[in-house]
There are 4 protein chains.
Amino acid sequence: MDISTKERLVNEGMRLFGEQGYRATSINQIEKAAGLVPGCGALYNHFKSKEALLTAGIDRQLDRRRAMRDISALFAGLGDLRTELTLLCRYLLSVLDQEGEFLQVAARTPAADSARVHDAYAALVDGLCTELAGWLTACAPDLAPADARRVATLGVNALLGKRVSSIVFRAPQPDIADEDYVAEWTVMLADRIESLRQN
Amino acid sequence: MDISTKERLVNEGMRLFGEQGYRATSINQIEKAAGLVPGCGALYNHFKSKEALLTAGIDRQLDRRRAMRDISALFAGLGDLRTELTLLCRYLLSVLDQEGEFLQVAARTPAADSARVHDAYAALVDGLCTELAGWLTACAPDLAPADARRVATLGVNALLGKRVSSIVFRAPQPDIADEDYVAEWTVMLADRIESLRQN
Amino acid sequence: MDISTKERLVNEGMRLFGEQGYRATSINQIEKAAGLVPGCGALYNHFKSKEALLTAGIDRQLDRRRAMRDISALFAGLGDLRTELTLLCRYLLSVLDQEGEFLQVAARTPAADSARVHDAYAALVDGLCTELAGWLTACAPDLAPADARRVATLGVNALLGKRVSSIVFRAPQPDIADEDYVAEWTVMLADRIESLRQN
Amino acid sequence: MDISTKERLVNEGMRLFGEQGYRATSINQIEKAAGLVPGCGALYNHFKSKEALLTAGIDRQLDRRRAMRDISALFAGLGDLRTELTLLCRYLLSVLDQEGEFLQVAARTPAADSARVHDAYAALVDGLCTELAGWLTACAPDLAPADARRVATLGVNALLGKRVSSIVFRAPQPDIADEDYVAEWTVMLADRIESLRQN
DNA sequence: GATGAATGAGGTTTCATTCAT
DNA sequence: TATGAATGAAACCTCATTCAT
């Protein structure tokens with residue numbers, strides 16, 4: 001029920017890193033947000049340094065991601081390509097949404113400040129592409145691996161671009177509803193896969 | 001050959017803002033990079049404040065963008081949908097590459113620091129979508145505007161996602177060459193448009 | 001014996017503000033004078049800003065003044081007008097001497113820097129005039145209030161002018177000893193009051 | 001008709017020194033107020049340094065004061081002590097008003113910044129006391145010089161206190177009109193002088 | 001005589017961190 | 001575990017002054 005001080009520090013730290021960037025966020029701000037008296041370095045009772053807090057936040061995000069992995073396997077075998085693609089698209093979007101805070105942090109934290117952040121980003125995107133490619137292959141076994149990979153990458157990027165716009169750049173694309181976007185995405189990928197299978 | 005101090009300040013400022021973020025970049029760094037003695041506030045002979053330098057940089061980027069606009073009109077009328085789409089895709093990627101520094105700055109500058117930055121981002125993406133949608137409509141006049149917009153947004157996002165990954169998150173997707181990506185993008189959009197025209 | 005850092009900061013701050021003026025006094029100077037390492041912003045552990053330090057100093061002065069108030073009541077009822085006036089004159093001078101540091105600060109701090117300082121000054125002088133006028137009335141009940149006020153104001157100003165010269169402008173009037181000045185002041189006011197009573 | 005740049009610099013410099021203090025006033029402010037482009041050091045075409053400008057301003061004030069001196073001689077010989085004292089009181093007040101800007105500068109400029117300022121202040125007050133004492137002696141030749149000096153000093157201080165309150169501390173004493181103050185001052189000094197003559 | 005640019009010094013304030021309590 | 005205080009470094013920015021034009 002009670003949430004520990006350490007956890008609160010990670011929560012507020014990641015939130016503020018996402019909003020303002022790592023360098024632009026002061027330890028005072030984090031302490032204040034976590035309900036501690038700012039300026040007293042209470043954070044140092046829980047983390048060795050500011051960077052250690054960031055690392056802990058990233059690691060927590062990686063853990064969460066690992067826990068979510070392979071949920072997409074549940075969607076397989078429904079038989080209908082379009083239905084499965086729709087579910088998968090929604091799944092990918094929800095992953096990106098869950099990673100929204102992390103995406104912000106990664107975007108606002110230059111590689112010089114934390115290599116780990118950028119490794120985690122690369123792993124995230126690569127993981128999603130691999131996941132989607134694997135699913136495409138599972139669902140259309142006669143697809144060439146390179147083809148699957150190419151289509152999957154484009155599919156992931158199309159979703160990533162949309163979410164990055166709204167989450168990182170805070171510029172949502174309000175003229176197109178998520179529903180319609182998912183539908184369009186599904187059609188394009190399904191058509192393309194069917195077209196590739198025929199060759 | 002001669003490049004004015006003011007221009008050098010904008011150049012180096014935007015470069016550093018892109019690399020490190022606005023807040024994380026110090027005026028000393030910018031002055032040093034521009035060949036001035038740091039710590040003397042020489043920057044303030046040219047700009048009222050750090051934020052004014054950022055604003056000048058954004059405005060310069062907006063000017064450059066305006067100058068590039070409508071070049072895509074040159075590609076129209078080649079007759080072959082796939083050829084035109086290929087050119088257009090390359091054009092969009094080159095625009096994003098030219099805006100790379102700006103994308104970095106925008107990603108690393110929270111809205112609280114500069115609303116103008118985020119307005120410029122929204123204008124950029126919206127402009128590209130509008131441009132692409134307009135081109136699709138010109139090339140397939142029987143396309144419903146909403147359809148064109150949807151396809152265009154997805155197309156732009158697919159490119160944006162790719163470039164943001166490499167430019168902002170410094171996580172290129174090296175397993176797929178740009179050429180192949182362009183080809184895939186072209187095929188998917190062309191197929192989709194042709195499919196939409198038949199209805 | 002022990003005097004807290006916060007108190008030391010107020011002490012030294014007010015002393016330096018008095019000597020040099022508020023704007024001309026740097027926080028480094030104050031920190032150094034208070035025995036802290038300058039340039040580290042140690043002052044900010046105790047005060048929100050430079051202005052907060054000034055405000056604290058003014059408030060402390062106001063407190064001290066309140067504590068001194070109405071001591072003059074002790075002098076009343078001696079029966080002899082001249083004796084009482086002499087005591088009162090010495091009292092007023094001692095108040096001004098105690099407020100010497102504050103007078104310096106007020107003189108050297110333009111209203112734009114701190115309205116509170118100038119309010120405090122007005123309250124001080126007005127308080128002294130009121131106090132003296134009240135005493136005159138108590139000691140010569142048939143005096144018209146306006147007459148008492150006028151005489152009191154002139155009496156206070158005559159002392160204020162002398163002390164401001166020496167304290168604020170550092171130009172003492174060494175040709176006349178304080179004792180003689182007090183005597184002259186007493187005679188002039190006593191004569192005037194007696195003259196006013198007869199009408 | 002045209003007022004030279006140099007003169008404008010002295011005018012605006014003294015005005016700003018009076019309002020804000022010497023240290024708190026920047027050369028940029030003075031240049032801007034004088035209609036020059038700030039930050040270009042145009043002031044240095046006319047004065048060797050900021051302090052030289054202050055010195056020039058003080059010297060100009062001293063010149064003006066010298067030009068006014070001995071005007072009081074005009075009032076002598078009217079025969080009526082009270083009439084002459086009234087005129088003299090008005091004269092002294094007008095001198096203080098004319099020196100208002102200088103009084104501000106002197107109050108806000110610590111001695112460390114300019115010894116000349118404080119010498120000028122001492123000379124001003126001493127001059128006024130001497131002038132008044134001389135006039136008292138001229139008008140009542142049987143007055144002991146020490147008596148005259150004492151009364152004169154008190155008289156000058158009573159006016160100085162009033163004007164310093166309003167000019168330097170910006171705390172006018174609005175409950176008593178200048179007219180009434182002059183009348184009270186006249187009566188008190190006249191009574192006192194007459195009383196001294198009888199002994 | 002006026003200006004744009006440069007510079008060393010220093011202004012107020014914030015920051016990450018440490019330490020005694 | 002939390003806090004108040006201290007500190008070195010560095011942030012943004014201003015200042016007085018100089019110099020070439």
Side-chain angles (χ1 to χ4, degrees), chain A residues 4-6 8-9 22-31 34-53, chain B residues 4-6 8-9 22-31 34-53, chain C residues 4-6 8-9 22-31 34-53, chain D residues 4-6 8-9 22-31 34-53:
Chain A
S4 76
T5 296
K6 182 163 191 168
R8 261 179 1 244
L9 285 167
Y22 171 73
R23 288 262 263 282
T25 300
S26 75
I27 289 187
N28 271 18
Q29 281 180 300
I30 301 171
E31 288 174 338
L36 297 169
V37 173
C40 292
L43 181 144
Y44 292 92
N45 286 324
H46 304 274
F47 299 98
K48 197 171 67 67
S49 68
K50 191 184 178 184
E51 197 175 359
L53 173 65
Chain B
S4 76
T5 296
K6 184 163 189 167
R8 255 168 20 235
L9 286 167
Y22 171 72
R23 286 266 259 286
T25 299
S26 77
I27 287 185
N28 274 15
Q29 280 181 300
I30 301 171
E31 288 174 339
L36 297 169
V37 173
C40 291
L43 182 145
Y44 294 93
N45 282 324
H46 303 275
F47 299 97
K48 200 172 62 64
S49 66
K50 191 185 179 184
E51 196 175 358
L53 171 64
Chain C
S4 77
T5 297
K6 184 163 190 168
R8 255 168 20 234
L9 285 167
Y22 172 72
R23 287 266 259 286
T25 300
S26 77
I27 287 185
N28 275 14
Q29 281 181 300
I30 301 171
E31 287 173 339
L36 296 169
V37 174
C40 292
L43 182 145
Y44 294 92
N45 282 324
H46 303 275
F47 299 97
K48 201 172 63 66
S49 66
K50 191 185 179 184
E51 196 174 359
L53 173 63
Chain D
S4 76
T5 296
K6 182 163 190 168
R8 255 172 13 237
L9 286 168
Y22 172 72
R23 288 262 263 282
T25 300
S26 76
I27 288 187
N28 271 16
Q29 281 179 297
I30 300 171
E31 288 173 338
L36 297 169
V37 173
C40 292
L43 181 144
Y44 293 92
N45 286 323
H46 303 276
F47 300 97
K48 198 170 65 66
S49 68
K50 191 185 178 184
E51 197 175 359
L53 172 65

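Below, read A as the first sequence line, B as the second, and so on, with proteins coming before strands; counting in each chain starts at 1.
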Search all heavy atoms of [X] against all heavy atoms of [Y] and return the closest pair with its distance.
X	Y	answer
A/K50	A/T25	NZ-O, 2.7 Å
C/A34	C/L9	CB-CD2, 3.7 Å
C/L36	C/A42	CD1-CB, 3.7 Å
A/L53	A/I30	CD2-CD1, 3.7 Å
D/N28	D/P38	O-CB, 3.7 Å
C/H46	C/T5	NE2-CG2, 3.6 Å

>> Just verifying a value: how many Å separate B/E31 CD and B/Q29 CD, rounded to the nearest 0.5 Å?
In response: 11.0 Å

> What is the distance from atom CG of B/N45 to atom SG of D/C40, rounded to the nearest 0.5 Å?
Replying inline: 8.5 Å

> When you check the phosphate oxygens OP1 and OP2 of F/dA2, does a side-chain N or O of A/H46 lie under 4.0 Å from one of them?
Replying inline: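 It does, given that an N or O in the side chain of A/H46 lies less than 4.0 Å from OP1 or OP2 of F/dA2.
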
>> If the cut-off is 4.0 Å, is B/S49 near the phosphate of F/dC12, judged by side-chain N/O to OP1 or OP2?
In response: no

> So what does A/S4 hit on the nucleic acid, given a heavy-atom distance under 4.0 Å: a base, only sugar-phosphate, or nothing?
Replying inline: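 Since no nucleic acid heavy atom lies under 4.0 Å of A/S4, the category is nothing.
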
Whole-Å gap separating [atom2] ([N]) and [atom1] ([X]):
X	N	atom1	atom2	answer
C/N45	E/dT18	CG	C1'	13 Å
D/K6	E/dA2	NZ	P	12 Å
D/F47	F/dT18	CZ	P	15 Å
B/E31	E/dA6	CD	C1'	10 Å
A/Q29	E/dT14	CD	P	11 Å
C/K50	E/dT13	NZ	C1'	12 Å
D/E51	F/dC15	CD	P	18 Å
A/I30	E/dC15	CD1	P	11 Å

> Starting at the 5' end of DNA chain F, which residue's closest nucleotide do you reach first, B/L43 or C/C40?
Replying inline: C/C40

> Which comes earlier along DNA chain F counting from the 5' end, the contact point of B/Y22 or that of C/G35, where each point is its nearest nucleotide?
Replying inline: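 In this pair, the answer is C/G35.
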
>> Both atom distances under 3.5 Å, Watson-Crick or G-U wobble: I'd like the secondary structure of DNA chain E as a dot-bracket string, with | for pairs made across strands.
In response: .||||||||||||||||||||

>> Here's a test of your reading of the structure: between A/R23 and D/T5, which maps to the more 5' nucleotide of DNA chain E?
In response: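 By nearest-heavy-atom nucleotide position, the 5'-most residue is D/T5.
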
Report the nucleotide, chosen from [options], that has the shortest atom-to-atom distance to any side-chain atom of [X].
X	options	value
C/N28	F/dA16, F/dG8, E/dT12	E/dT12
A/S26	E/dA2, E/dT13, E/dA16	E/dA16
C/V37	F/dC13, F/dT3, F/dT7	F/dT7
C/I27	E/dT7, E/dT13, E/dT3	E/dT13
D/Y44	F/dA16, E/dA6, F/dT7	F/dA16

